[in-house]
Amino acid sequence: MEHAPTWLTYGFLYLAAAVLAVPIAKALGLGAIIGYLAAGIAIGPWGLGLVSNVQDILHFAEFGVVLMLFLVGLELQPSRLWALRRPIFGTGSAQVLGCAAVLFALGALAGLPWRVSLVGSLGLALSSTAIALQSLAERNLMRTQSGQAGFSILLFQDVAAIPILALLPVLGAAASDGAGHTPGEVALEVLKIVGVIGGIILGGRLLLRPVLRWIAKSNTPEIFTAAALLLVVGIAYLMVLVGLSMALGAFLAGVLLADSEYRRELEADIEPFKGLLLGLFFIAVGMSIDFGVILRSPGLMAAILIGFLAAKAVVIYTLAKLVNIPYQERPVFTLLLAQGGEFAFVVFQAAAGASVFPAETASLLIGAVALSMLISPLLLVLLDRVLLRRYAQLKTAKPQAEEISEPQEAPIIIAGFGRYGQIVSRVLLAQGIPTTVLDHSVDMLEVARTFGYRVFYGDATRLDLLRIAGAEHARILVIAVDDADQSLKIAKLAREHFPQLQIVARARDVTHWNKLRDLGVTLVQRELFESSLQSAHTVLELMGLSPAQATAITQRFRTHNIALADRMYPHHKDRAKFIAVAREGRNQFAEQMARERQESATLRAEAAAYPGYGEAQEAGEGHEPEPEPASAQNFNKNRP
C-alpha cells in the first residue's frame, strides 16, 4: 500500500486535531487558545505520539506571530506609533528590566552561576505576544489603557530581543575561553542592524507603494495575495539573516503601509493565513512541552514555574499601579505579561548552543515557559468567572477613568456612540433632552469632542460604571453598541440590577433580536431594516411605480415582516420549526401580493371593457384610480 506524503499526513493531523479540540474548548468556555494547546499535547510526543519533528513545526508556525505583528502594524499609522514612543520605551523598559532584575536576584539567591541567572532572567522576562494580543482582542481591550500599555510592552520586548540574542555569543565565548567579540566586530554588527532597519523604512517609503500599485493594475487577485505574503516573508528572511526579530521587521513593514490605499486589501489577504498559522503555532507549543523533564524533576519544575510567574506578577502589577491602569483591568494585564513568551524558546536554545548553560537547563526553562503559556489561558478563564465578577458587584467602587469620576443624573443613558448612537443622541440633543453617553473607544471620544459632544469613556458592560452613569435613577437605556455579545451583556446587567429602566436596543440581525427578546427587551430595532425598506422604495420608483404605490408596498411589507418576526420568535431555538414558520410566512405574503396584483389587473381589464366601471369601483374603495406604468406592467409579467 502506498504511503501518503509526510506533509499531507501532518496537515491532516493538525487540521483534524484543531477542528475537534477548539470547538470543544469554546463550548466549555475555555477559549480557542486552550483548544489549540490541548490539540498539540494530544498529538505530540507525550500524547498519541503522532508527530515527532516538533521543533521544525514550531519554527514554521512562528510565522503566524510574524503575520500577526504585520497586521498590528497596519493598524498603527506612523504618527500614532510616534505618539506611543514614551510607553514603548518607558513602560516597556521598566517591565523588562524590572522583571529581569528580580528574577536575576532570585537566581543568585538560589546559588546559580551568574551567567545562567542573567540569561534565564532575560528570557523569562519576555511574554507571549501571540497569546497576549489574541486575548486582548477577544476581550475588546486593545483600545483600553491596559491594552495600549500591554501592546507597548510587547513591542519593546521584540526590540529587546535583539541585544539579548547578541549578548549570548559574548557570554558563551567568555565562559569558554574568556574572550569576546572585538569592538570592531560589535560595531560592524550594530551597523548591519541599523542598515537593515533603515533599508526597510526607506524601501517602504519609496518602493512598496509603487510596486503594490503596479501589481494591483494586473487585476489578478491571487497575485496580489502572493505579493502580500512575499512582502512579509521577504522582510522576515532579511531580518533573520542579520540576527533580528522577524516579528519586529514585519511590524515595521505594517506601520509603513498603514497609510497606504492598499491597507485594507492587505489585511483581507493575510488575515486567513495569520489565523491558521497562529493556530498551528499554539498546537506546536502544546507539542513542545517536554513532560519527560517535568516527570524527572517535578519539584524543580514547579518551583521554576511558580517562582517566575509570581515574581513577574508582583513587578507587573506594581507597574500597572504606577502607570494608573484602572484596577479592573490590572489582573488581566498582569497575567498576560507574567507568562513566558515564544521568544524565550529561541533565547534558551541559542544559549545552550553557545554553551552559556547545559542543554538540561535549557529544557527545564523551555518546559517552564511552555507550561506557563498553557496555564495562562486557564487562569484567564478563572479571572473572568471569579475575580472580575466580584469587581462588577462592588457598588461603592469608583473607577479611575477621569471622564466618568462623578455620578451622572441624566434621564437617558446611551451605550455606544457609533453611527447608530450618534443619530439617537443628536435627535435628543436637538430637543434639549439631557443624556449620558458612554463609549469605550478612545478614537470615538476624540471625534465626539472635536464636534462638541460630551461623551464619557467607559465600558457599559461593567456594573459599577453603569451605576456611576446614573442607571439607578435613569428612565431609559439605549443600547447602541456594535458588538452583539456586548449588547447582550449590557441588557442582562440592566434587567437584573435596574428593573425600572426601559431598554431601547439595536439588533444587528434576527438572531441578535431573538436573544434580546429572551432577556425581556421588547423595544428592539434591527439596524438595517428601515434603511433597507427605503432602498426598496427607491428601486420600486425607478421601476416605474408611483411614490404612493411604492410607499404602500413597502409599508405592507414592513407590517408583514414585523408580524412574522413575532410569530417566529417562540420557535427560534427549534431550527426546523423556525425555518418552517419563516417559509410559511414568506409564501403567504407572496401569495397575498400575487392575488392583489391579479385583482388589480382584472379591475383594469373590466374598466377598459366597460368605461366608467373601473372608476366607480375605485371610487367605492375610497381613492382615485392610478394606472400602472408600462415598466411596472412588464415587471409584473415575470412575477408569480
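Keep in mind that what you see is a predicted model, and the values were worked out from it rather than measured.
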**Request:** Verify side chain to side chain contact (heavy atoms under 4.5 Å, CB included) between Ile375 and Leu305, making sure each step is shown before the conclusion.
**Result:** CA-CA 10 Å; Ile375 67 173; Leu305 178 63; 4.3 Å; yes
What is the distance from atom [atom1] of [X] to atom [atom2] of [Y], rounded to the nearest 0.5 Å?
X      : Y      : atom1 : atom2 : value
Phe104 : Leu112 : CZ    : CG    : 10.0 Å
Met301 : Leu364 : CE    : CG    : 5.0 Å
Ile490 : Asp483 : CD1   : CG    : 9.0 Å
Ile366 : Leu371 : CD1   : CG    : 12.0 Å
Met373 : Ser127 : CE    : OG    : 10.0 Å
Ile24  : Leu20  : CD1   : CG    : 6.0 Å

Is any side-chain heavy atom of [X] closer than 4.5 Å to a side-chain heavy atom of [Y]?
X      : Y      : value
Phe348 : Thr361 : no
Val314 : Thr334 : no
Cys99  : Leu124 : no
Leu319 : Leu337 : no
Ile283 : Ile43  : yes
His512 : Leu488 : yes
Leu309 : Ser372 : yes
Phe308 : Ser121 : no

Nearest heavy-atom neighbours spanning [X] and [Y]:
X      : Y      : answer
Ala125 : Ala100 : CB-N, 4.0 Å
Val102 : Ala311 : CG1-CB, 3.9 Å
Val315 : Gly98  : CG1-C, 3.9 Å
Ala39  : Ala21  : CB-CB, 3.7 Å
Ile325 : Ala149 : CD1-CB, 4.0 Å

**Message:** Between Leu336 and Ser376, is the side chain to side chain contact (heavy atoms under 4.5 Å, CB included) condition met? List the steps.
**Reply:** CA-CA 7 Å; Leu336 288 178; Ser376 290; over 6 Å; no
**Request:** Check the pair Lys312 / Leu103 against side chain to side chain contact (heavy atoms under 4.5 Å, CB included), numbers first and verdict last.
**Result:** CA-CA 8 Å; Lys312 286 183 71 175; Leu103 293 171; 4.2 Å; yes
**Prompt:** Got a sec, which pairs hit side-chain hydrogen bond (donor to acceptor under 3.5 Å, both in side chains) with one end in residues 90-107, sequence neighbours left out?
**Reply:** Gln95-Gln157
**Item:** Candidate pair Ile153 and Phe333, rule side chain to side chain contact (heavy atoms under 4.5 Å, CB included), full reasoning
**Value:** CA-CA 11 Å; Ile153 290 172; Phe333 174 81; 3.8 Å; yes
